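The structure appears below as structure tokens.
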Protein chains: 2
Amino acid sequence: MTWIEKARKALSNGSVIVLAGRCIIHYEGRAASKLGEGERLVIIKKDRSILVHRPTGHEPVNWQPKKSKIEFGEEDDAKIIRATRGNELLKIYFLEEPEVVVFDLLDDAEFEMYASEAEMKEAVLLEPNLVEDGFTPFQEERRAGRVGRVDVFGIDREGKLTVVELKRKSANEEDVNQLRRYLEVLGQEFGRKPRAILAAPSVTRTAASLLKTSGIDFKCLTPKTCMEVLRKKRGLDFHV
Amino acid sequence: MTWIEKARKALSNGSVIVLAGRCIIHYEGRAASKLGEGERLVIIKKDRSILVHRPTGHEPVNWQPKKSKIEFGEEDDAKIIRATRGNELLKIYFLEEPEVVVFDLLDDAEFEMYASEAEMKEAVLLEPNLVEDGFTPFQEERRAGRVGRVDVFGIDREGKLTVVELKRKSANEEDVNQLRRYLEVLGQEFGRKPRAILAAPSVTRTAASLLKTSGIDFKCLTPKTCMEVLRKKRGLDFHV
DNA sequence: ACTTTTATTTCGCCG
DNA sequence: CGGCGAAGTAAAAGT
């Protein structure tokens with residue numbers, strides 16, 4: 001089987017292709033670049049994204065994002081890969097037949113960035129000042145009726161019952177509405193609505209105005225900060 | 001040879017290693033991340049940078065930049081790669097022995113972004129106003145004695161003999177000194193020193209003051225601008 | 001060595 | 001779809 005047949009078959013199979021060999025590379029699109037003769041790795045993924053990696057440097061020297069049009073061909077002695085996307089062209093000339101390695105990869109896992117919300121909660125329980133000076137959380141979990149779970153429940157410096165909602169990403173309108181539903185349930189349970197704090201890295205503009213009209217406070221809290229606290233409190237050992 | 005022996009040998013040889021297999025990935029450092037079971041490609045380059053690529057998405061899901069400490073090991077049944085850099089840790093657990101493919105890649109080529117100096121010259125000859133309004137270059141090449149080749153030679157709007165030196169990067173003191181040597185040679189050849197223009201994207205502070213004392217003019221000219229001119233003049237066809 | 005700027009940035013969210 | 005901001009940004013350029 002020729003390198004072209006192998007590559008085409010792998011691409012239609014949804015495999016990941018790694019090609020290695022001496023090549024010259026041209027890119028022209030938003031910018032333009034040339035890379036003279038040298039040996040590189042070319043990686044073509046199943047979403048038809050393509051990467052050219054030199055033997056050093058963590059970033060690809062050239063690339064094309066997913067949904068590129070990938071074509072294999074030959075001109076004279078050169079083995080050619082063309083990857084086009086809109087008016088952007090990446091062209092790889094292999095001076096000899098490249099080594100072609102095909103990988104069949106299945107990967108459905110979810111990627112979790114930073115601390116999870118669970119770890120943000122752990123950080124707040126270890127260091128409640130992250131939320132507000134003088135805040136004292138209850139350590140046990142608390143349910144808000146059947147609506148859902150309250151992230152952190154406690155008492156602020158003035159002794160007022162306080163609910164804290166944690167978000168890993170920028171809080172949007174929906175997040176604030178969810179918190180408001182919790183507050184209604186808790187208000188019925190306790191006779192009066194508790195104080196509420198939304199702790200998140202940021203809020204969207206619409207969420208911010210909804211917070212204001214709802215009388216909910218906002219505290220800027222990032223997963224990164226939480227992680228640093230966890231590390232300090234738990235020591236520097238990586239619990240992995 | 002076990003996968004570890006293979007990988008260690010390849011790394012000490014300065015080869016590029018591609019590993020493929022079912023794995024779990026943990027990262028902890030400036031931030032933290034977890035990635036559950038799935039099949040991925042791991043690429044270790046000879047500068048000891050490491051990339052983890054899922055079968056889709058043009059960006060690595062996890063990585064570590066060059067000069068990381070790369071360690072291979074086994075714990076129970078898991079095959080492990082640890083990549084540490086400062087207080088950042090990337091840990092890859094292969095659930096089965098990974099497929100290991102080793103590539104010996106030599107690559108000394110220079111990466112040229114946008115236009116090369118030759119193409120900048122071509123652009124200036126096609127569109128002399130890039131250097132200065134009313135500038136008229138001679139099309140033929142010109143040597144500056146045995147010191148070197150003059151980039152562009154011509155006559156400015158006042159009819160004054162003018163030498164243009166092109167640089168694709170920020171011009172430094174050395175570049176200005178080289179131009180001054182050309183000017184001396186040309187001055188002897190023509191009886192008086194021609195006017196000189198240094199055209200480059202920018203100049204360093206020291207080079208700028210040397211330009212001033214040398215009476216050499218500076219024109220900001222980027223390879224990008226030249227590329228756009230070339231494209232406009234030559235048409236949109238990719239001449240690759 | 002440190003700081004600032006750039007990028008074919010990419011990625012996410014908002015309007 | 002354009003615009004704005006953040007990124008484990010990384011890498012280059014200037015100081």
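Because only heavy atoms are used, hydrogens play no part in the values below, and waters and symmetry mates are left out as well, while side chains stay in. From a predicted model like this one, the values you see are computed outputs, not experimental measurements. Proteins come first, then strands; the chains are lettered A, B, ... in the order of their sequence lines, and each starts at number 1.
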Residues of residues 39-61 of chain B with any non-hydrogen atom less than 4.0 angstrom from an atom of DNA chain D: list those, numerically ordered, please.
none
Contact between [X] and [Y] at the side-chain level, heavy atoms closer than 4.5 Å - yes or no?
| X | Y | result |
| --- | --- | --- |
| B/S209 | B/L211 | no |
| B/Y27 | B/K91 | no |
| B/V42 | B/F94 | yes |
| B/L230 | B/E119 | yes |

Below 4.0 angstrom, N of the basic side chain to O of the carboxylate: do [X] and [Y] qualify?
| X | Y | result |
| --- | --- | --- |
| A/R54 | B/D107 | yes |
| B/K167 | B/D175 | yes |
| A/D47 | A/K67 | no |
| A/E165 | A/K219 | no |
| A/R30 | A/E88 | yes |
| A/R22 | A/E37 | yes |

Spacing between [X] atom [atom1] and [N] atom [atom2], to the nearest angstrom:
| X | N | atom1 | atom2 | result |
| --- | --- | --- | --- | --- |
| A/K167 | C/dC13 | NZ | C1' | 15 Å |
| A/K34 | C/dT8 | NZ | C1' | 17 Å |
| B/K66 | D/dA11 | NZ | C1' | 8 Å |
| B/K67 | D/dA11 | NZ | P | 11 Å |
| B/E110 | D/dA11 | CD | P | 17 Å |
| B/R85 | D/dT9 | CZ | C1' | 12 Å |
| B/R168 | D/dA12 | CZ | C1' | 13 Å |
| B/L89 | D/dG8 | CG | C1' | 13 Å |

Here DNA chain D, pairs taken as Watson-Crick or G-U under 3.5 Å and shown with ( ), [ ] when crossing and | when to another strand, reads |||||||.|||||||
Whichever of B/A32 and B/T206 has the more 5' nearest nucleotide on DNA chain D, that residue is B/A32
Base, sugar-phosphate or nothing for A/Q64? Non-hydrogen atoms, less than 4.0 Å.
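Nothing, no heavy atom under 4.0 Å.
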Does the plane of the ring in A/H53 sit parallel, tilted or perpendicular to the ring in B/H53? Use 30° and 60° as the thresholds.
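Rings of A/H53 and B/H53: perpendicular, as their planes differ by over 60°.
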Please give the distance between the C1' atoms of D/dG5 and D/dT9 as a whole number of Å.
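Going atom to atom, C1' in each nucleotide, I get 13 Å.
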If I pick the C1' atom on C/dT9 and the same atom on C/dT5, what distance separates them, to the nearest angstrom?
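Result for the C1' pair: 13 Å, nearest Å.
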B/I24: which of B/L35, B/I92, B/L95 passes side-chain contact (heavy atoms from CB on, under 4.5 Å)
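Among the candidates, only B/L95 passes.
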Could you write nucleotides 1-7 of chain C as a row of B, S and -, 5' to 3', where a protein heavy atom under 4.0 Å of any base atom gives B, of only sugar-phosphate atoms gives S, and otherwise -?
-------
Please tell me which of A/L90 and A/A171 maps to the more 5' nucleotide of DNA chain C, matching each residue to the nucleotide holding its nearest heavy atom.
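First, find each residue's nearest nucleotide; the 5'-ward one identifies A/L90.
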